[in-house]
Enquirer: 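Structure incoming, see below.
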Amino acid sequence: MLKEFKRAQRLMGNAFEITVVGDDEKKAHQHIDVAIREIQRIEQLLTTFSEESQTHLINQNAGIQPVKVDLEVFELIERSLKISNITDGYFDISYGGIDKSFWNFDREMQQLPNPELILEHLKLVNYKNIHLDRENQTVFLKEKGMRIGFGGIGKGYAAEMAKRLLQKGGVRSGIVNASGDLTAWGHQANGKPWTIGIADPDNVKQPFSYMTITDRAVATSGNYEKFAVINGKKYSHTINPKSGMPVSGVKSVTIFCPNAEIADAMATPVSIMGIEAALHLVNQINHLECIIIDEQNQIYSSQNINFK
């Protein structure tokens with residue numbers, strides 16, 4: 001008889017939960033072990049916190065010299081730059097110099113950072129200054145002090161890679177949930193499609209809607225998880241890479257598409273670029289859908305979405 005076997009673990013600084021459908025508990029947990037090891041491997045490659053990581057090396061050599069990286073890292077950066085192009089720079093992995101230095105959303109922030117300092121640092125945020133040399137497999141950040149980070153795409157990439165390994169290992173149904181960014185395939189143990197709740201930004205534990213999905217990835221970006229309240233105004237943890245300021249006006253964005261990496265990467269720009277522009281963009285991309293909730297609780301959705 002088929003059952004669902006789950007395990008939660010903290011990975012990449014986030015709560016991951018891996019679900020595998022099978023009839024053998026021991027085998028299911030072996031599969032989960034494989035998925036966890038894969039996510040840990042990706043974390044080692046991408047983290048900015050370890051001096052051993054390739055990301056750290058790229059940042060250390062900004063403005064100095066190109067750094068040779070694994071093909072996997074090279075191609076992830078290449079795909080990130082394509083998303084930057086499509087989103088007109090609202091997705092930008094070179095935001096690394098901005099977020100940590102000025103914005104600390106531990107609810108202790110009492111005042112806004114100095115706008116002049118932010119503008120000074122914004123000069124270093126420009127995906128066009130990330131130079132890739134495919135022949136030599138190198139990455140070069142043109143300006144000294146530039147930093148890249150995979151906060152906007154890394155979780156989705158890890159979830160996608162873990163899913164592919166599980167599928168390769170023969171797991172026909174499962175979910176890799178990277179703290180709300182998830183990818184699901186196959187069906188529940190009872191044969192029905194997976195059901196996911198779309199979080200209500202005002203009451204996270206109470207979804208405002210449910211959707212059935214299979215072979216889909218979902219990513220959510222919301223101002224209800226991490227934020228700061230300064231002078232009575234709520235500032236979301238999502239930073240606009242063009243202004244260096246947090247986003248306001250949008251409470252949450254939920255993206256649906258077949259690939260978890262793309263879902264994760266698109267959640268941020270869609271929440272930043274303005275609702276009209278975001279819907280226009282999403283409607284032009286095949287197999288991509290979104291739901292946006294603004295600060296007045298108005299719900300907007302792209303053309304091909306059906307939710308209960």
Side-chain angles (χ1 to χ4, degrees), residues 11-14 38-100 121-165 178 181 183 217 219 221 238-242 255 257 259-270 272 285 288:
L11 299 157
M12 302 180 86
N14 288 279
E38 174 68 352
I39 296 162
Q40 287 168 332
R41 180 190 72 78
I42 290 166
E43 180 172 15
Q44 290 307 308
L45 271 183
L46 304 184
T47 179
T48 50
F49 298 113
S50 158
E51 296 193 1
E52 309 294 301
S53 87
Q54 298 193 10
T55 313
H56 180 79
L57 274 175
I58 293 167
N59 291 341
Q60 284 290 93
N61 286 283
I64 302 167
Q65 62 186 8
V67 173
K68 189 168 174 58
V69 294
D70 292 359
L71 185 62
E72 180 180 6
V73 174
F74 185 90
E75 288 183 339
L76 179 61
I77 294 172
E78 200 170 50
R79 293 194 300 276
S80 297
L81 297 186
K82 280 184 184 151
I83 294 168
S84 294
N85 264 320
I86 290 166
T87 61
D88 189 28
Y90 282 106
F91 175 85
D92 192 331
I93 59 169
S94 72
Y95 74 91
I98 288 287
D99 62 344
K100 298 287 182 286
H121 277 247
L122 265 184
K123 293 174 186 164
L124 298 174
V125 179
N126 186 349
Y127 70 95
K128 290 176 179 168
N129 286 333
I130 303 171
H131 287 230
L132 299 181
D133 178 341
R134 195 164 240 294
E135 207 175 306
N136 297 306
Q137 221 169 283
T138 59
V139 182
F140 178 51
L141 308 183
K142 217 169 123 188
E143 303 292 331
K144 221 172 166 45
M146 260 184 94
R147 283 169 56 82
I148 60 166
F150 295 98
I153 196 169
K155 275 193 315 188
Y157 174 62
E160 187 67 27
M161 294 295 280
K163 174 195 82 172
R164 288 180 193 180
L165 260 191
D181 294 351
T183 179
S221 177
T238 306
I239 305 292
N240 181 340
K242 295 190 178 194
I255 298 280
C257 78
N259 179 296
E261 176 190 314
I262 292 170
D264 187 12
M266 290 302 292
T268 303
V270 166
I272 295 171
I285 299 172
L288 189 71

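Throughout, numbering of the chain's residues begins at 1 and tracks the sequence. As the structure is a computational prediction, the values presented were derived from the model and not from experiment.
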Enquirer: Test side chain to side chain contact (heavy atoms under 4.5 Å, CB included) on M146 and N126; report intermediate values, then the result.
Expert: CA-CA 9 Å; M146 260 184 94; N126 186 349; 5.5 Å; no
Enquirer: Which atom names give the shortest non-hydrogen contact between T183 and A260, and what distance separates them?
Expert: CB-CB, 4.0 Å
Enquirer: Side chains of K242 and Y90: closer than 4.5 Å at any heavy-atom pair?
Expert: yes
Enquirer: Rounded to the nearest 0.5 Å, how far does CD of E43 lie from CD of E38?
Expert: 12.5 Å
Enquirer: Testing the basics here: between E51 and H56, what is the closest heavy-atom pair and its distance to 0.1 Å?
Expert: CA-CD2, 3.4 Å
Enquirer: Do N14 and D181 have side chains that approach each other closer than 4.5 Å (heavy atoms only, starting at C-beta)?
Expert: no
Enquirer: Any idea which heavy atoms bring V69 and Q137 closest together, and the distance?
Expert: O-NE2, 2.8 Å
Enquirer: Taking everything shown except K68 itself, do over 12 heavy atoms lie less than 6.0 Å from its NZ?
Expert: yes
Enquirer: Taking side chain as C-beta onward, heavy atoms only, is I285 less than 4.5 Å from I86?
Expert: yes
Enquirer: Step by step, work out the side chain to side chain contact (heavy atoms under 4.5 Å, CB included) result for I42 and K155.
Expert: CA-CA 9 Å; I42 290 166; K155 275 193 315 188; over 6 Å; no
Enquirer: To the nearest 0.5 Å, how far apart are CG in L45 and CD in E52?
Expert: 12.0 Å
Enquirer: When you compare the side chain of M12 with that of I39, does any pair of heavy atoms fall below 4.5 Å?
Expert: yes
Enquirer: Restricting to non-hydrogen atoms, name the atom on A265 and the atom on I83 that form the minimum distance, rounded to 0.1 Å.
Expert: CB-CD1, 3.6 Å
Enquirer: What is the minimum heavy-atom distance between I130 and L141, and which atoms define it?
Expert: CG1-CD2, 3.9 Å
Enquirer: Would you say that T138 contacts V67 through its side chain, given a criterion of any heavy-atom pair below 4.5 Å between the two side chains?
Expert: no
Enquirer: Do any N or O atoms from the side chain of N59 and from the backbone of I148 form a donor-acceptor pair under 3.5 angstrom?
Expert: yes
Enquirer: Between E160 and R164, does any side-chain N to carboxylate O distance fall below 4.0 Å?
Expert: yes
Enquirer: Keeping T268 on the side-chain end and F91 on the backbone end, is there a donor-acceptor pair under 3.5 Å?
Expert: no
Enquirer: Do Q54 and E72 have side-chain heavy atoms sitting under 4.5 Å apart?
Expert: no
Enquirer: Not counting sequence neighbours, which residues clear salt bridge (charged side-chain N to carboxylate O under 4.0 Å, His left out) with K142? List them please.
Expert: none
Enquirer: Over all heavy atoms of both residues, which pair between L11 and Q40 is shortest? Give the atoms and the distance, please.
Expert: CD2-CG, 3.6 Å
Enquirer: When you check the gap from the basic side-chain N to the acidic O, do K123 and E143 get nearer than 4.0 Å?
Expert: no
Enquirer: Applying side chain to side chain contact (heavy atoms under 4.5 Å, CB included), run through F74 and L132 and close with a yes or a no.
Expert: CA-CA 8 Å; F74 185 90; L132 299 181; 3.7 Å; yes
Enquirer: Side chains of I272 and P241: closer than 4.5 Å at any heavy-atom pair?
Expert: yes
Enquirer: Under a 4.5 Å cut-off applied to non-hydrogen side-chain atoms, are Y127 and I93 in contact?
Expert: no
